[in-house]
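This one's a predicted model, so the numbers in the text were calculated from it and none came from an experiment.
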Amino acid sequence: MTTTRRPCIGVFDSGFGGLTVLKELVALAADADYLYFGDTARLPYGSKSAETVAKYAIGAAHYLEAHGAQMLVIACNTATALALDKITLASGVPVVGVIAPGAAKASAASQTRKVVVIGTEATISSHAYAKALAARGVEAKEKACPLLVPLVEEGWADHPVAEQVARIYLDEAFVDGFESSDVLVLGCTHYPLLKPLLRRLVPTHVVIVDSADSTAQVISQLLRQGLPKASPEGERRGPTRLKFFVTDSVEKFHRLGTRFLGSPIEDVEHVELKE
């Protein structure tokens, strides 16, 4: 029995964190195939200018489109914060970032209309979450947590050092009128690996909103609405297909990426994009 070919969705990130978004996409929006582009040679994006981030992200977006992506998910908070408009203008397919879905879910979950957002220095400095939440009538306290990403990449997501560091950051965030905050937004795609630790540290009434999960829910809704459209080509329906492109070590991506995706990574291709 054959059916229409599944839609193909491109997922872009500066490195490994976007694999947490892909993990949720495969779980919640399995009726699509996915191409993942990790710009591992040029990470981190957080220390780069908005112009540079836009240039890199647009190059990756065009690469994914050329390989069949019918929709793009910018699974990088920094690229979404600094360059989503430029990426959208330069792309020939619909583009979804991770900030608006996270802000929408945080707004829906907050009763006090006060939330705390944690993220990288670049994401927090952009105030993208604060602006998105303010548009929904929610006040945000933003807190940069620069030490959390290296701790996650070191495999220390549940290490006592990570707990001590996270406790200091959270103590500094839930103050100055934000003691009543009832939502914690994870504004970095590395942070879902810290969710069990963060759950222990924040008060029980605080809802933890994960931008990876929120974005996957949006894509799932779009797929149910028939976007992007499936191809009329016939194919035998099998499991969701995943293809990975990276700009640096394939071996490192296999090793480190498995931790983020939660399953073995296969079919990885090294690519070089022109500056």
Side-chain angles (χ1 to χ4, degrees), residues 6-40 43 45 53-54 56-105 119-120 123 128-129 132 185-192 209-230 240-247 253 257 260-262 265 271:
R6 272 184 297 231
C8 181
I9 297 176
V11 180
F12 166 72
D13 183 53
S14 59
F16 302 93
L19 291 167
T20 63
V21 180
L22 181 62
K23 178 180 180 179
E24 296 299 332
L25 286 166
V26 172
L28 298 175
D31 203 23
D33 293 325
Y34 293 95
L35 304 174
Y36 182 92
F37 191 107
D39 194 6
T40 47
L43 61 78
Y45 277 15
V53 169
Y56 289 173
I58 288 168
H62 287 163
Y63 188 91
L64 287 167
E65 282 186 62
H67 284 75
Q70 299 163 279
M71 177 184 284
L72 295 175
V73 176
I74 308 306
C76 173
N77 281 274
T78 299
T80 301
L82 300 182
L84 183 64
D85 290 347
K86 290 180 179 177
I87 300 167
T88 301
L89 279 172
S91 299
V93 298
V95 179
V96 176
V98 287
I99 290 176
K105 191 168 184 181
T120 64
T123 298
Y129 274 101
V185 179
L186 308 186
C188 172
T189 52
H190 279 66
Y191 295 178
V209 169
D210 169 1
S211 58
D213 169 70
S214 307
T215 303
Q217 290 178 10
V218 168
I219 298 301
S220 177
Q221 289 173 344
L222 291 172
L223 286 172
R224 285 198 299 271
Q225 293 166 12
L227 296 169
K229 286 184 166 51
T240 298
R241 285 189 291 252
L242 305 178
K243 169 75 178 176
F244 302 88
F245 304 99
V246 297
T247 54
F253 191 80
F260 287 82
L261 190 61
I265 288 180
V271 301

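Not counting sequence neighbours, the partners of Leu43 by the side chain to side chain contact (heavy atoms under 4.5 Å, CB included) test are Ser14, Phe16, Thr40. Among residues two or more places apart in sequence or in another chain, the salt bridge (charged side-chain N to carboxylate O under 4.0 Å, His left out) test is passed with Lys243 by Asp267, Glu269.
Atom-to-atom distance recorded for Leu28:CG and Ile219:CD1 is 11.0 Å, nearest 0.5 angstrom. Between His62 atom NE2 and Phe37 atom CZ the span is 12.5 Å, to the nearest 0.5 Å. Atoms OG1 and CZ, on Thr240 and Arg6 in that order, are 5.0 Å from each other to the nearest 0.5 Å. Distance CD1/Ile9 to CG/Asp31: 9.5 Å, rounded to 0.5 Å.
Here the shortest heavy-atom pairing between Leu223 and Ala29 reads CD1-CB, 3.5 Å. Summarising the geometry of Leu72 relative to Ser91, their closest heavy-atom pair is CD1-OG, 3.6 Å, with the distance given to 0.1 Å. In terms of heavy-atom proximity, Ile99 sits nearest to Ala128 at CD1-CB, 3.6 Å. Of all non-hydrogen atoms in Ala57 and Ile87, the two that sit nearest each other are CB-CD1, 3.5 Å. In terms of heavy atoms, Cys188 sits closest to Thr120 at SG-CG2, 4.0 Å. Considering all non-hydrogen atoms of both residues, Lys86 and Ala54 come closest at CD-CB, 3.8 Å.
Judged as a ring-ring contact (aromatic ring centres under 6.0 Å, His included), not a single pair has a partner in residues 70-94 (not counting sequence neighbours). Pairs of residues two or more places apart, or lying in two chains, never qualify as side chain to side chain donor-acceptor pair (under 3.5 Å) while including a residue from residues 17-26. The stretch residues 210-220 participates, sequence neighbours left out, in these salt bridge (charged side-chain N to carboxylate O under 4.0 Å, His left out) pairs: Lys105-Asp213, Lys195-Asp210.
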Practice prompt. Show your working on side chain to side chain contact (heavy atoms under 4.5 Å, CB included) between Ser211 and Val185 and close with a plain yes or no.
Written response: CA-CA 7 Å; Ser211 58; Val185 179; 5.7 Å; no
Fill in: His67/Phe245 under ring-ring contact (aromatic ring centres under 6.0 Å, His included): CA gap, chis, key distance, verdict
CA-CA 11 Å; His67 284 75; Phe245 304 99; 5.1 Å; yes
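When side chains are defined from C-beta on, Leu227 does not count as touching Pro94, because their heavy atoms never get closer than 4.5 Å. Taking 4.5 Å as the limit, every side-chain heavy atom of Asp33 sits out of range of all side-chain heavy atoms of Leu242. Two residues are said to be in side-chain contact when any heavy atoms from C-beta on lie closer than 4.5 Å; Val209 and Leu186 fail this criterion. Proximity of Asp13 to Asp39: side-chain heavy atoms (C-beta onward) are nowhere separated by under 4.5 Å. Two residues are said to be in side-chain contact when any heavy atoms from C-beta on lie closer than 4.5 Å; Phe244 and Leu22 meet this criterion.
Side-chain N or O atoms of Thr247 include none that pairs as donor or acceptor with a backbone N or O of Val271 at under 3.5 Å. Side-chain atoms of Gln70 never come within 3.5 Å of backbone atoms of Pro228 as a donor-acceptor pair (strictly under, hydrogens ignored). In this structure a side-chain-to-backbone donor-acceptor pair under 3.5 Å is missing from His190 to Phe260. Between the side chain of Ser220 and the backbone N or O of Ala216 there is no donor-acceptor pair closer than 3.5 Å.
The aromatic rings of Tyr45 and Phe12 sit tilted relative to each other, their planes meeting at an angle between 30° and 60°.
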Donor-acceptor pairs under 3.5 Å, side chain of residues 75-82 to any protein atom, not counting sequence neighbours: which ones?
residue	atom	partner	partner atom	Å
Asn77	OD1	Tyr129	OH	2.5
Asn77	ND2	Gly187	O	3.4
Thr78	OG1	Thr123	OG1	3.4
Thr80	OG1	Ile74	O	3.2
Thr80	OG1	Cys76	O	2.8

